[in-house]
Amino acid sequence: PYFLLGLGGVVTYDSRNDLFYPTKGILGSASLVLYDPLWGSTYNIVQLNFDFRQYIALYKQHVFAWQFVTDWRLGNSIPFQMLTTIGGNQLLRGVPGDLFRDNVMAALQAEYRFPIYKVLRGAVFASSGDVLNSNSLMINRLKTSYGAGIRFKIIRGKINVSGRWDITHTNVDKGFQFFLTAMEAF
């Protein structure tokens with residue numbers, strides 16, 4: 001058993017025009033958390049995270065969005081549960097979440113969003129990234145994901161309902177994966 005107590009902070013810049021379905025603006029955040037035996041933590045770990053997203057309005061409701069994210073865990077001994085992961089339904093959609101772990105993660109993804117009909121929108125996306133060890137920073141096999149999806153957004157007074165259905169393919173799993181979620185991936 002172990003105990004983790006971290007102290008840190010986050011710096012964020014947000015100029016997006018909408019929190020749930022932005023069509024323009026930037027979201028950038030950087031965080032630093034220190035886990036140290038000095039304040040009761042079993043391990044001495046430095047956790048660094050950087051997330052940058054940009055949304056570019058191209059024409060009417062056509063939007064190009066991209067994100068770069070990296071997450072670092074530095075220290076001599078890092079518990080398995082604290083290692084960074086990649087995959088899931090938001091970052092490298094379709095790559096099984098928690099399957100790949102190490103102390104550094106970096107990923108880049110892009111998405112083109114376009115109107116279909118009234119409340120329906122479409123999207124095509126691609127992403128690439130991996131987890132790696134900070135001692136060598138070598139990528140064994142870059143993980144990639146691509147696909148398309150349908151989005152909907154219904155606003156009735158104070159009620160705002162949105163959702164997305166994605167179909168993805170990766171170089172990790174054979175076949176296709178399907179995701180039905182309530183929010184955009186990024």
Side-chain angles (χ1 to χ4, degrees), residues 6-34 45-74 82-95 97-98 100-116 119-132 134 142-155 158-166 168 170 179-186:
L7 298 174
V10 178
V11 175
T12 301
Y13 172 80
D14 191 351
S15 67
R16 296 173 298 168
N17 62 338
D18 188 291
L19 293 177
F20 300 106
Y21 194 85
T23 58
K24 63 181 179 178
I26 290 173
L27 172 63
S29 69
S31 67
L32 170 68
V33 180
L34 304 173
I45 301 169
V46 176
Q47 179 179 328
L48 297 164
N49 180 279
F50 178 73
D51 187 347
F52 181 85
R53 306 168 188 202
Q54 184 177 22
Y55 306 88
I56 303 166
L58 299 174
Y59 173 75
K60 293 190 179 182
Q61 295 180 8
H62 294 252
V63 177
F64 177 75
W66 68 278
Q67 175 188 28
F68 172 74
V69 62
T70 185
D71 197 2
W72 295 64
R73 305 294 199 286
L74 305 172
M82 283 281 297
L83 294 172
T84 61
T85 64
I86 201 162
N89 68 358
Q90 292 185 328
L91 190 61
L92 272 104
R93 286 167 259 189
V95 173
D98 296 337
F100 301 100
R101 290 179 179 265
D102 214 321
N103 69 324
V104 177
M105 180 276 295
L108 179 67
Q109 65 180 342
E111 184 169 282
Y112 172 62
R113 303 170 182 169
F114 53 92
I116 295 176
V119 298
L120 290 179
R121 297 181 181 117
V124 292
F125 53 86
S127 56
S128 188
D130 207 352
V131 292
L132 42 139
S134 62
L142 193 65
K143 282 70 173 170
T144 58
S145 170
Y146 58 89
I150 302 279
R151 278 87 171 108
F152 70 88
K153 185 174 184 179
I154 301 170
I155 301 172
K158 292 186 177 185
I159 299 173
N160 185 342
V161 178
S162 63
R164 86 173 204 263
W165 181 75
D166 288 338
T168 70
T170 72
F179 293 95
L180 179 62
T181 60
M183 295 181 64
E184 287 295 329
F186 66 100

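For the single chain, residues carry numbers from 1 onward in sequence order.
Residues T181 and R164 have side chains that bring a donor and an acceptor to within less than 3.5 angstrom of each other. Side chain to side chain, T23 and N17 meet the donor-acceptor criterion of an N or O pair below 3.5 Å.
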Go through it in stages, so that I can follow the logic: the residues are W72 and V46, the test is side-chain contact (heavy atoms from CB on, under 4.5 Å), and I'd like the CA-CA distance, side-chain angles, deciding distance and then a yes or no.
CA-CA 8 Å; W72 295 64; V46 176; over 6 Å; no
Kindly indicate, with the supporting measurements, whether the criterion side-chain contact (heavy atoms from CB on, under 4.5 Å) is fulfilled by Y55 and R16.
CA-CA 8 Å; Y55 306 88; R16 296 173 298 168; 3.5 Å; yes
Could you go through V131 and T85, starting from their C-alpha distance and side-chain angles, then the distance that decides it, and tell me whether this counts as side-chain contact (heavy atoms from CB on, under 4.5 Å)?
CA-CA 7 Å; V131 292; T85 64; 5.6 Å; no
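Between F52 and F50, the ring-plane angle classifies as parallel under the 30° and 60° cut-offs.
For the pair D18 (side chain) and F20 (backbone), a donor-acceptor distance under 3.5 Å is present. Of the possible polar contacts, one joining the T84 side chain to the D102 backbone as a donor-acceptor pair under 3.5 Å is found. Between the side chain of S145 and the main chain of R93, a donor-acceptor pair closer than 3.5 Å is present.
Residues E184 and R121 are not paired through a salt bridge, judged by the lack of any N-O separation under 4.0 Å between the basic side chain and the carboxylate.
Relative to the ring axis of F100, K143 places its NZ or CZ within 45° and under 6.0 Å from the centre.
Minimum heavy-atom separation, L92 to S127: CA-OG, 3.3 Å. Minimum interatomic distance between N49 and D51 (heavy atoms only, all atoms of both residues): OD1-N, 4.1 Å.
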